[in-house]
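Chain identifiers are assigned alphabetically (A, B, ...) following the order of the sequence lines, protein sequences preceding nucleic acid strands; residue numbering begins at 1 within each chain.
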Amino acid sequence: MSSKLQAIRGMNDLLPERSPLWQYFEGQIRTLMQQYGYLEIRTPMLEQTALFSRSIGEVTDIVEKEMYTFDDRNGDSLSLRPEGTAAIVRAAIENGLLHHQTQRLWYAGPMFRHERPQKGRYRQFHQVGVETFGLEGPDIDAEVIALSARLWQALGLREHVRLEINSLGSLEARHAYRAKLVAYFNHHLDELDDDARRRLDSNPLRILDSKNPDMQGLIEAAPRLIDHLDDDSVAHFEGLKRRLEALGIDYVVNPRLVRGLDYYSRTVFEWTTTALGSQGTVCAGGRYDGLVEQLGGRPTPAVGFAMGVERLILLLETLDLMPAAAEDVLDVYLMGQGEDIDLHLLKMAETLRSRLPSLRVQVHCGGGSLKSQFKRADRSHARFAAVVGEQELADGVVALKDLRGDDPQQLLDSDALVARLAQWIEARPAAL
RNA sequence: GUGGGUGUAGCUCAGUGGUAGAGCCCCGGAUUGUGGCUCCGGUGGUCGUGGGUUCGAUCCCCAUCAUCCACCCCA
């Protein structure tokens, strides 16, 4: 097995058995984005390494040890994108999308992080995200959260996810608080556990979230973020809460909610589930008002989020929430036996596809007994089997059998066949 | 990066120091032009890989790879 060619660790094939579920999800995303008037943006999967180190943060785990980084032939350091936001900001600046304009954008695609794989965490994974630019009020924060909430509603997940929100304050307030916190913990270095000491450099705010009972006293006595919020951020946060309440979106304020990426400020939020084990965050985001400027653009407020597609798909599977109709990929299975029948079936199928473009037709290939052909038809989940034998060919008809209902088999000429199938198309459950 | 579990048929899994089994799937037959249910038959495995112990290893030992779960981190 070890010498066999196989996929890279943590990078998975999407097999035909599961692709309908992904397509269902992607269809829901498209509809949702259209509903809110968001436009899609696509950027390369490869960027200059510096883009990520300068945006995500030099000392974050993602940049320090999780990026797929290599030298291009000319010596430039390139990296596979570990997340979407930095590249969107780069593209927006580079293409002048932020020049006295507001933008509401969405993207979807694979991201890459060299982490140890586990449930809901892979080295190539997929995110769908939203980024808005040029809007500084809590109204847009509420809008992107409402957008995500509508997706849960559409997917049937509303009862299975919960919204946590917090404010990190303005970038200045947050940095001042961070410095104060680091100073505080530095005075108590001997009381910190190994994790906390490491976090002191990488993400000191995360120390507050430690599960170690020995450290709770120290944490209780630490300076509190909420006491260090600037007035504008407090007002902003209150404005967001008011709007969520008006929209009927339940939330929990989690003062320990801190995002891992350096560029966040003010609003941060997370949608979590308890149904997926330890990787329970299904969607997360927040405001990053300083990032555009940091990457060379004019100061531009921004807010966005990203969701983990694998985690959401896993959740849909766990909860068995995919509509059954999304799995049925065929309406008619054409089969037959006899001289020149295969030629006739091929032509018939093309005619049907021309006359009924939304009809899903497959022709049996490979011959075999009618019995075996019916078995294939049954397993294809097609609604109908259409049979042509010597007699039908001579009479110019088709024997149409409803494989899922009680209607008796009918002999139909081509117009009657088209009429019957058109009737089915009207009645069939929406696929997506 | 750290810890633990698991690698036997396409899938889900039994099993034994004397070179292997079930269910499902697949193929065929019972039904020579009709699927789903039932019954009968059949195909299919270098027991993850390499090494060691042994007369003999799928089983015991070591290493390695893969995979899963958790820590960490994050979507």
Check your understanding: Where does the angle between the aromatic ring planes of A:Y184 and A:H188 fall among parallel (under 30°), tilted (30 to 60°) and perpendicular (over 60°)?
Key -> tilted
Exercise for review: Figure out the NZ/C1' separation between A:K371 and B:G28, and round it to whole Å.
Suggested key: 10 Å
Check your understanding: B:C74 base to A:Q118 side chain: any donor-acceptor pair below 3.5 Å?
Key -> no
Exercise for review: If B:A63 has a Watson-Crick or G-U wobble mate with both distances under 3.5 Å, name it; if not, just say none.
Suggested key: B:U49
Review point. Hey, does the side chain of A:R206 come within less than 4.0 Å of B:C73's phosphate (OP1/OP2), counting only N and O?
Key: yes
Review point. Going by modelled atom types, is there a donor-acceptor pair between the base of B:G48 and the side chain of A:Q6 at under 3.5 Å?
Key: no
Check your understanding: Are A:R121 and B:A75 close enough that a side-chain N or O sits under 4.0 Å from OP1 or OP2?
Key -> no
**Study point:** Cation-aromatic face contact A:K401/A:F374, 6.0 Å, 45 degrees
**Key:** yes
**Study point:** Side-chain donor-acceptor pair present, A:S278, A:Q118, cut-off under 3.5 Å
**Key:** yes
**Study point:** Spacing between A:M335 atom CE and B:G33 atom P, to the nearest angstrom
**Key:** 14 Å
Review point. Checking only heavy atoms, does the side chain of A:D378 share a donor-acceptor pair with the base of B:G36 at less than 3.5 Å?
Key: no
Review point. With a 3.5 Å cut-off and just heavy-atom distances, do the side chain of A:R199 and the base of B:C72 make a donor-acceptor pair?
Key: no
Point to revise | Enclosure of A:R158 CZ (heavy-atom neighbours >12, cutoff 6.0 Å) | key: no
Practice item. Check the distance between B:C27's C1' and A:K375's NZ and give it to me in whole angstrom. Key: 8 Å
